[in-house]
Protein chains: 2
Amino acid sequence: MAGPTLRDVAKRANVSIRTVSNVVNGYAPVSDELRARVQVVLDELGYRPNLIARNLKQGRTGMIALVVPELDVPYFAELVREVITAARAQGYVVMVDQTDGDAERERELLARDSRATMFDGLLLSPLAISAEDLRGRGNRVPIVLLGEHIFNGSFHHVAIDNVAAAREATAHLLEQGRRRVAAIGDQPYATGETAQLRTSGYRQAHARLGLAVDDRLIVPTPRFHRRLGLEAMEHLLALPDPPDAVFCYNDLLALGAMRALTRAGRRIPDDVAVIGIDDIEEGQYSTPSLTTVAPDKAEIARLAVDILLQSINGTATTPSELVVPHRLIVRESTAT
Amino acid sequence: MAGPTLRDVAKRANVSIRTVSNVVNGYAPVSDELRARVQVVLDELGYRPNLIARNLKQGRTGMIALVVPELDVPYFAELVREVITAARAQGYVVMVDQTDGDAERERELLARDSRATMFDGLLLSPLAISAEDLRGRGNRVPIVLLGEHIFNGSFHHVAIDNVAAAREATAHLLEQGRRRVAAIGDQPYATGETAQLRTSGYRQAHARLGLAVDDRLIVPTPRFHRRLGLEAMEHLLALPDPPDAVFCYNDLLALGAMRALTRAGRRIPDDVAVIGIDDIEEGQYSTPSLTTVAPDKAEIARLAVDILLQSINGTATTPSELVVPHRLIVRESTAT
DNA sequence: TGAAAGCTCTGCAACGATGCAGACATCATG
DNA sequence: CATGATGTCTGCATCGTTGCAGAGCTTTCA
């Protein structure tokens with residue numbers, strides 16, 4: 001079961017444990033002859049360093065944890081991919097966990113008996129957790145937040161400018177002459193910060209054109225899933241004066257909404273135009289393909305990992321708020 | 001930076017380190033009075049056990065690694081979710097990594113300097129790696145393979161019956177009277193075992209009805225991505241005698257194929273019926289929704305984690321080949 | 001009353017690796 | 001030739017925890 005240790009190798013090669021360690025790490029000066037001799041034994045026994053022991057001594061694990069609400073939500077899946085890639089480039093591996101948007105579980109992850117000590121740092125995409133929870137914890141491990149900024153200045157944080165993104169998405173629809181633009185995805189309660197920022201952007205776009213917002217066209221959804229987008233759209237279609245365009249707070253909602261429209265026999269974009277946020281790959285292959293606002297996910301991941309590692313190394317200064325660029329990608333669902 | 005240790009607590013509470021450890025773990029008998037006194041100090045200092053040290057002593061980490069080709073492929077994302085859930089139920093956490101189907105990278109993961117010693121076990125969904133590679137490694141950590149069985153009996157293995165799944169999918173199309181059923185996704189080379197099994201099933205379905213297979217309708221693709229499905233479908237449509245149905249080796253290929261069909265103005269399923277494998281959520285919301293063969297992903301994850309933990313505990317017997325049930329789900333893309 | 005048994009609690013060693021201080025041999029230098 | 005510098009190699013202590021053996025005290029019972 002257990003592999004050979006430095007001791008086993010040392011005994012066999014008739015040298016000290018320390019020398020074997022030096023050979024393995026290429027540290028201290030070791031004569032070429034001895035190095036070769038030890039290397040032979042290393043190979044013979046198939047020695048591999050026990051990383052747990054090494055980590056105990058060095059106080060590092062080379063692992064960071066990444067916690068997202070739901071792994072099978074494409075946006076997060078794509079983000080996780082980028083984070084793993086970015087971390088790997090810096091010699092780190094990533095432990096992934098999901099919370100299912102369950103506040104209890106998010107809290108548990110940070111709490112007393114968690115495995116926090118196993119990781120050098122934590123990337124957290126919070127959904128249900130509050131600032132209170134975060135501050136209350138032992139604060140042992142460096143944290144970087146993804147996609148929210150409700151913790152005003154207490155933590156490092158990486159995200160797009162949600163207000164601007166939403167404003168541009170809405171403006172794109174309004175500029176086409178659409179005048180009943182609905183919004184799907186508002187979350188008017190404590191943990192719905194991202195959604196609220198997007199609602200702000202939606203209102204700003206109207207305000208800048210001097211247009212009034214019909215609040216009945218703002219449909220809240222507790223999560224950003226396809227099914228909820230579908231249901232919200234059905235609700236909107238049942239209104240006496242249904243919308244001629246929909247801004248969905250993410251692509252999944254938009255895909256659900258498009259499904260509802262197609263089923264109801266509405267043409268996209270002729271009868272109703274649809275736009276989302278996230279630029280998940282699925283939107284390129286849907287029928288029609290989906291117009292969206294694309295955050296630079298690779299950049300989010302890269303920056304987040306960078307700051308986290310800086311925090312770990314103690315070279316990070318005060319908590320930073322990093323804003324990552326986004327851009328509008330026009331596809332068939334709003335093509336004129 | 002570093003948190004308080006057992007020693008710090010012991011010193012402050014005027015007891016031995018061992019006693020503090022006993023209180024923390026509730027192990028040996030400790031008088032209620034002393035236990036309470038120590039607990040107070042534990043809380044005061046906010047003590048948290050150093051899991052690295054504990055693991056070093058116990059030779060376990062409570063972590064397993066899960067390696068998949070691509071995290072942002074929905075099937076794997078959904079599978080990862082299930083694995084994390086299953087592992088959590090057993091008190092384990094999951095480190096996720098992806099190989100991008102790169103043989104080099106898959107090999108590297110198993111090789112000399114990998115972090116293998118950090119994990120109690122490994123779940124691997126191999127793509128480019130060969131049996132040789134697997135056998136050649138130090139064989140330090142228990143392994144369970146997902147979705148392939150090319151390592152005939154050398155490793156634990158969990159998968160659906162790929163031949164049967166493909167046969168049933170193809171039969172579903174043939175039973176509708178379709179007579180030019182194409183197949184997208186064959187991989188006629190060493191590491192394409194899964195694809196080859198599906199091709200076998202495709203042929204079996206024809207054979208059982210006494211029908212000949214037109215080999216020009218079998219389009220190989222190096223990966224199972226949307227884009228490749230789209231391109232393969234375009235190729236098929238350009239044939240002098242194009243197909244009236246397509247069996248795609250996974251849902252992503254099918255979604256790409258449907259995109260090509262829609263763009264070409266073909267009606268689904270009237271002109272061409274489409275079926276996939278995997279039952280990813282996306283297929284429920286596509287237009288049209290996608291008929292598919294659904295593997296029981298939760299069961300795959302549960303079984304895989306179970307065997308892996310049994311291997312870790314030494315209670316697993318000889319390598320087992322576990323077959324997980326699947327079922328046909330008929331949706332609009334083949335509705336009659 | 002004395003030995004055995006039971007209950008708490010403690011100290012030492014160990015998991016496998018690395019940091020540090022030095023031992024020893026060799027060599028150059030004045 | 002003595003001295004110091006240099007180049008190799010080694011042993012001890014240590015990271016924070018747990019396993020083990022037993023110390024010290026009280027209780028129990030013949």
Does the side chain of [Y] come within less than 4.5 Å of [X]'s, by heavy atoms?
| X | Y | result |
| --- | --- | --- |
| A:His156 | A:Leu308 | no |
| B:Ile52 | A:Lys57 | no |
| B:Pro295 | B:Val324 | no |

Donor-acceptor side-chain pairing of A:Arg54 and A:Asn50 below 3.5 angstrom: no
Checking B:Asp306 against B:Gln310: is there a side-chain donor and acceptor pair closer than 3.5 Å? no
Of B:Asn14 and B:Lys57, whose nearest nucleotide on DNA chain C comes first from the 5' end? B:Asn14
Does a salt bridge link A:Glu82 with A:Lys297, judged by any charged N lying under 4.0 Å from a carboxylate O? no
Value in whole Å for how far the [atom2] atom of [N] lies from [atom1] of [X]:
| X | N | atom1 | atom2 | value |
| --- | --- | --- | --- | --- |
| B:Lys11 | C:dT10 | NZ | P | 15 Å |
| A:Leu45 | C:dG16 | CG | C1' | 15 Å |
| A:Leu6 | D:dG11 | CG | C1' | 15 Å |
| B:Arg60 | C:dG16 | CZ | P | 15 Å |
| B:Ile17 | D:dC15 | CD1 | C1' | 12 Å |
| A:Leu56 | C:dA14 | CG | P | 17 Å |
| A:Arg18 | C:dC20 | CZ | P | 10 Å |
| B:Ile52 | D:dT17 | CD1 | P | 11 Å |

Taking all non-hydrogen atoms of both residues into account, name the closest pair between A:Phe119 and A:Met63 and its distance. CE2-CE, 3.3 Å
Going by modelled atom types, is there a donor-acceptor pair between the base of D:dG16 and the side chain of B:Arg48 at under 3.5 Å? no
Have a look at the helix from C:dT1-D:dA30 to C:dG30-D:dC1 and give the angle its two end axes make, five pairs each, rounded to 10 degrees. 60°
Going through the distances and angles, do B:Glu299 and B:Arg302 end up as a salt bridge (charged side-chain N to carboxylate O under 4.0 Å, His left out)? CA-CA 5 Å; B:Glu299 181 73 0; B:Arg302 209 179 55 70; 3.4 Å; yes
Using only side-chain N and O atoms of A:Arg54, determine if any of them is under 4.0 Å from OP1 or OP2 of C:dT18. yes
Ignoring backbone atoms, test whether B:Asn25 places a side-chain nitrogen or oxygen under 4.0 Å from the OP1 or OP2 oxygen of D:dT18. yes
Check: protein-nucleotides 5-9 of chain D nitrogen or oxygen pairs below 3.5 Å:
| from | atom 1 | to | atom 2 | distance (Å) |
| --- | --- | --- | --- | --- |
| D:dC9 | OP1 | A:Ser31 | OG | 3.0 |
| D:dC9 | OP2 | A:Ser31 | N | 2.5 |
| D:dC9 | OP2 | A:Ser31 | OG | 3.3 |

Could you please spell out the steps behind the side-chain contact (heavy atoms from CB on, under 4.5 Å) verdict for B:Met118 and A:Val93? CA-CA 11 Å; B:Met118 288 288 284; A:Val93 296; over 6 Å; no
